[in-house]
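Everything on this sheet refers to the single structure shown next.
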Amino acid sequence: MNIKTIGAATLAAAVLLATGGCAGDRNQYDATGTFEATEVVVSSEVNGRILEFPVTEGSTVRSGQQVGLIDSTQLHLQRMQVESNIAALESSRPDVKGQLAPLEAQLAKQQRERQRVENLMKADVTTEKQLDDITSSITVLEKQLDAQRSALDNSLKSIDAQIAAARAQAGQLDEQLARCRIASPIDGTVLAKYAQAGELAVAGKPLMKVADVNNIYLKAYLVSSQLPQVALGQQVKVYADFGDDQRREYDGTVTWISDRSEFTPKNIVTSDDRANMVYAVRIAVRNDGYLKIGMYGGINL
């Protein structure tokens with residue numbers, strides 16, 4: 001998704017309105033500009049045929065709301081295959097306790113036998129060779145048990161690693177499946193729709209444009225001599241000019257002041273000479289439904 005705000009293109013609209021009035025109208029505001037809104041171009045994140053896309057221009061959408069769907073059949077099949085692989089790996093896990101049990105039983109038996117022989121030796125009933133044979137047998141069993149336990153542990157680690165890799169692959173597929181959902185990242189209104197159901201979506205291809213038209217702002221320009229009168233968070237009066245001496249007044253809040261000067265845009269009228277360097281400001285306004293993107297407006301400090 002590419003997020004942008006309406007910028008220089010809207011300045012041309014300002015001159016058409018601003019230069020249409022008389023000299024007295026141009027000077028009734030401390031600064032002028034055009035109304036803008038935050039726009040989001042929602043693009044496809046995967047390749048595939050668009051199965052559903054019922055949203056229309058002018059539709060209101062909510063943040064996270066699914067408004068369309070791209071074919072995800074192949075991804076679902078891959079996901080099922082990965083799940084089958086995970087199940088097969090889980091079933092192949094060795095029964096460590098069961099496989100070690102025979103050797104452990106033999107070892108325990110030989111240890112009891114050694115204890116019996118040691119008791120017999122104390123009574124001079126048996127020979128030392130019999131004890132040595134049993135001790136040697138116990139040593140062999142212990143080595144076999146250690147080797148078997150090590151082999152089983154390595155097998156478990158290998159299977160666990162394969163399961164972890166398969167689950168990671170499943171997570172990747174889940175992420176791709178989620179990207180097959182066409183959703184709006186913001187609350188807003190659909191300004192444009194660039195694709196229809198049945199068309200082929202390509203990753204990066206724009207599908208629709210959404211704008212938050214409820215929270216709009218005026219981008220105006222101030223000359224340097226006006227900067228001491230403006231501060232972030234300051235409340236100012238904003239006027240929307242509808243032409244034919246019709247205008248509406250709004251309460252606005254200064255949310256941004258440029259830290260760099262620029263030449264006065266050719267199409268923007270200020271109370272001072274156009275050749276002066278100016279600073280852009282943004283004034284947030286709550287839209288009551290009358291304000292439109294690109295509309296001419298002004299402020300009084």
Side-chain angles (χ1 to χ4, degrees), residues 1-6 36-100 149-216 293:
M1 293 176 290
N2 299 320
I3 301 179
K4 64 176 183 177
T5 54
I6 303 174
E36 304 178 357
T38 299
E39 290 183 352
V40 179
V41 175
V42 180
S43 300
S44 174
E45 298 184 70
V46 296
N47 299 329
R49 190 168 302 281
I50 302 174
L51 299 181
E52 302 173 10
F53 199 25
V55 70
T56 59
E57 294 179 352
S59 298
T60 300
V61 293
R62 300 186 307 275
S63 176
Q65 175 187 353
Q66 180 175 331
V67 296
L69 180 66
I70 297 174
D71 185 16
S72 58
T73 303
Q74 292 300 319
L75 292 175
H76 275 294
L77 293 175
Q78 292 177 37
R79 184 69 168 79
M80 291 173 61
Q81 183 179 6
V82 171
E83 285 294 336
S84 297
N85 292 340
I86 292 176
L89 288 168
E90 289 283 4
S91 65
S92 69
R93 294 172 65 92
D95 181 5
V96 176
K97 185 176 181 180
Q99 293 190 36
L100 293 180
R149 184 179 290 110
S150 177
L152 290 172
D153 287 343
N154 290 335
S155 178
L156 281 174
K157 289 179 181 178
S158 175
I159 292 173
D160 288 341
Q162 294 178 62
I163 291 175
R167 286 177 175 162
Q169 184 180 1
Q172 292 176 342
L173 289 170
D174 288 339
E175 175 67 19
Q176 293 180 47
L177 285 168
R179 293 183 179 184
C180 290
R181 298 171 56 253
I182 304 172
S184 172
I186 63 171
D187 295 335
T189 301
V190 178
L191 298 183
K193 182 178 178 181
Y194 305 120
Q196 300 293 334
E199 294 181 355
L200 184 64
V202 179
K205 175 185 177 181
L207 301 175
M208 66 177 180
K209 182 191 293 184
V210 182
D212 181 6
V213 296
N214 291 324
N215 298 293
I216 205 164
I293 297 172

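Heavy-atom basis, side chains included; hydrogens, waters and symmetry copies ignored. Since the model is a prediction, treat every value here as computed from it, not as a measurement.
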Exam field: side chain [X] to backbone [Y], donor-acceptor pair closer than 3.5 Å:
{"X": "Arg49", "Y": "Gly198", "value": "yes"}
{"X": "Thr60", "Y": "Thr189", "value": "no"}
{"X": "Ser158", "Y": "Ser155", "value": "no"}
{"X": "Asp212", "Y": "Gly188", "value": "no"}

Between [X] and [Y], is any pair of side-chain heavy atoms under 4.5 Å apart?
{"X": "Ile70", "Y": "Ile182", "answer": "yes"}
{"X": "Arg149", "Y": "Asp153", "answer": "yes"}
{"X": "Ile50", "Y": "Ser44", "answer": "no"}
{"X": "Leu177", "Y": "His76", "answer": "yes"}

Minimum-distance pair of heavy atoms, taken over all atoms of [X] and [Y]:
{"X": "Arg79", "Y": "Asp174", "result": "NE-OD1, 2.7 Å"}
{"X": "Ile159", "Y": "Pro94", "result": "CD1-CD, 3.8 Å"}
{"X": "Gly64", "Y": "Arg181", "result": "O-NH2, 3.6 Å"}
{"X": "Gln176", "Y": "Val46", "result": "O-CG1, 4.1 Å"}
{"X": "Arg93", "Y": "Leu156", "result": "NH2-CD2, 3.9 Å"}
{"X": "Gln99", "Y": "Leu152", "result": "OE1-CD2, 3.4 Å"}

Give me the one residue out of Leu69, Thr73, Leu75 that meets side chain to side chain contact (heavy atoms under 4.5 Å, CB included) with Asp71. Thr73
Applying side-chain contact (heavy atoms from CB on, under 4.5 Å), run through Val67 and Met208 and close with a yes or a no. CA-CA 10 Å; Val67 296; Met208 66 177 180; 3.6 Å; yes
Could you state the interatomic distance from [atom1] ([X]) to [atom2] ([Y]), rounded to the nearest 0.5 Å?
{"X": "Cys180", "Y": "Leu51", "atom1": "SG", "atom2": "CG", "value": "9.0 Å"}
{"X": "Gln74", "Y": "Leu173", "atom1": "CD", "atom2": "CG", "value": "11.5 Å"}
{"X": "Gln162", "Y": "Asn85", "atom1": "CD", "atom2": "CG", "value": "9.5 Å"}

Any chance you could lay out the side-chain contact (heavy atoms from CB on, under 4.5 Å) test for Val82 and Gln78, step after step, and finish with the verdict? CA-CA 6 Å; Val82 171; Gln78 292 177 37; 5.5 Å; no
Glu199/Lys193 salt bridge by N-O under 4.0 Å criterion: no
